[in-house]
A.B. asks: 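Quick one: structure below, then a few questions.
Quantities reported herein were computed from a predicted structural model and do not represent experimental measurements.
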Amino acid sequence: MASKRTPPPPSQQRMDDKLALALGAAARAARVRAGLTQAEAAEKVGLAPGVYGRIERGGMMPSVPTLRKLSIILKIPSDTLLSLSHSEVTAWVDSLPAKEERSPDLRKLSRSLRNLSPAQLKVLNVIATALTR
């Protein structure tokens, strides 16, 4: 028996919708700059044209591997597609609980995060967001 996913709270859904729309707009602008049609971009990324169109319209979010392919094919950083700035990622890391309040695993993760580049932090943030859904 399949388990039902509980829908996200309305405020989270609005943020997800805004992210999908921003990603779609960034992908569309990059595709146009690259001189590609939706069908050409979809083929290069390995998506059906209808699926690619839904991404551009903000109707769906791509998977992490597809996001990476989009970034490469459209020659646009994934953080730009995700509307992330370095300051947003830094704020997320800085908002972790005080060291004394953290579990050993969380402290170890925090140490690892300090060694990541801004681009790596952004990718990790996407993965963490996907894991919490």
A.B. asks: With rounding to the nearest 0.5 angstrom, report the CD1 to CG distance, Ile73 to Leu36.
C.D. replies: 8.5 Å
A.B. asks: Heavy atoms only: give me the nearest Tyr52-Ala27 pair and the separation to one decimal.
C.D. replies: OH-O, 4.0 Å
A.B. asks: Report the C-alpha separation of Leu116 and Leu113 in whole Å, then their side-chain angles, then the decisive distance to 0.1 Å, and conclude whether the side-chain contact (heavy atoms from CB on, under 4.5 Å) test is met.
C.D. replies: CA-CA 5 Å; Leu116 298 179; Leu113 291 174; 3.9 Å; yes
A.B. asks: Using atom types as modelled and distance alone, determine if a side-chain donor or acceptor of Ser71 lies under 3.5 Å from a backbone N or O of Ile76.
C.D. replies: yes
A.B. asks: Could you tell me the separation between the CG atom of Leu70 and the NZ atom of Lys75, rounded to the nearest 0.5 Å?
C.D. replies: 13.0 Å
A.B. asks: Per the salt bridge (Lys or Arg N to Asp or Glu O under 4.0 Å) rule, what does the pair list look like for residues 42-63, sequence neighbours excluded?
C.D. replies: Arg28-Glu56, Arg31-Glu56
A.B. asks: Set out, in order, the CA-CA distance, both residues' side-chain angles and the distance that settles side-chain contact (heavy atoms from CB on, under 4.5 Å) for Val123 and Leu67, then state yes or no.
C.D. replies: CA-CA 10 Å; Val123 170; Leu67 177 69; over 6 Å; no
A.B. asks: Please determine whether residues Val126 and Leu19 belong to a single hydrophobic cluster, defined as Ile, Leu, Val, Met, Phe, Trp and Tyr linked transitively by side-chain heavy-atom distances below 4.5 Å.
C.D. replies: yes
A.B. asks: Taking all heavy atoms of Leu23 and all of Leu82, pick out the closest pair and write down the distance.
C.D. replies: CD1-CD2, 3.8 Å
A.B. asks: Do Ile72 and Ile127 share a hydrophobic cluster, counting only Ile, Leu, Val, Met, Phe, Trp and Tyr and linking them when any side-chain heavy atoms are less than 4.5 Å apart?
C.D. replies: no
A.B. asks: Consider only side-chain heavy atoms of I, L, V, M, F, W and Y, link residues closer than 4.5 Å, and tell whether Val51 and Val64 are in one cluster.
C.D. replies: yes
A.B. asks: Using every non-hydrogen atom in the two residues, find where Glu40 and Thr37 come nearest and quote the distance to one decimal.
C.D. replies: OE1-N, 2.8 Å
A.B. asks: For the CG atom of Leu81 and the NZ atom of Lys122, what is their distance to the nearest 0.5 Å?
C.D. replies: 11.5 Å
A.B. asks: What distance do Asn115 atom CG and Leu121 atom CG have between them, rounded to the nearest 0.5 Å?
C.D. replies: 10.0 Å
A.B. asks: Taking all atoms of both residues into account, what is the closest heavy-atom pair of Lys69 and Val45, and its distance?
C.D. replies: CD-O, 3.2 Å
A.B. asks: Between the side chain of Ser112 and the main-chain N/O of Lys108, is any donor-acceptor distance below 3.5 Å?
C.D. replies: yes
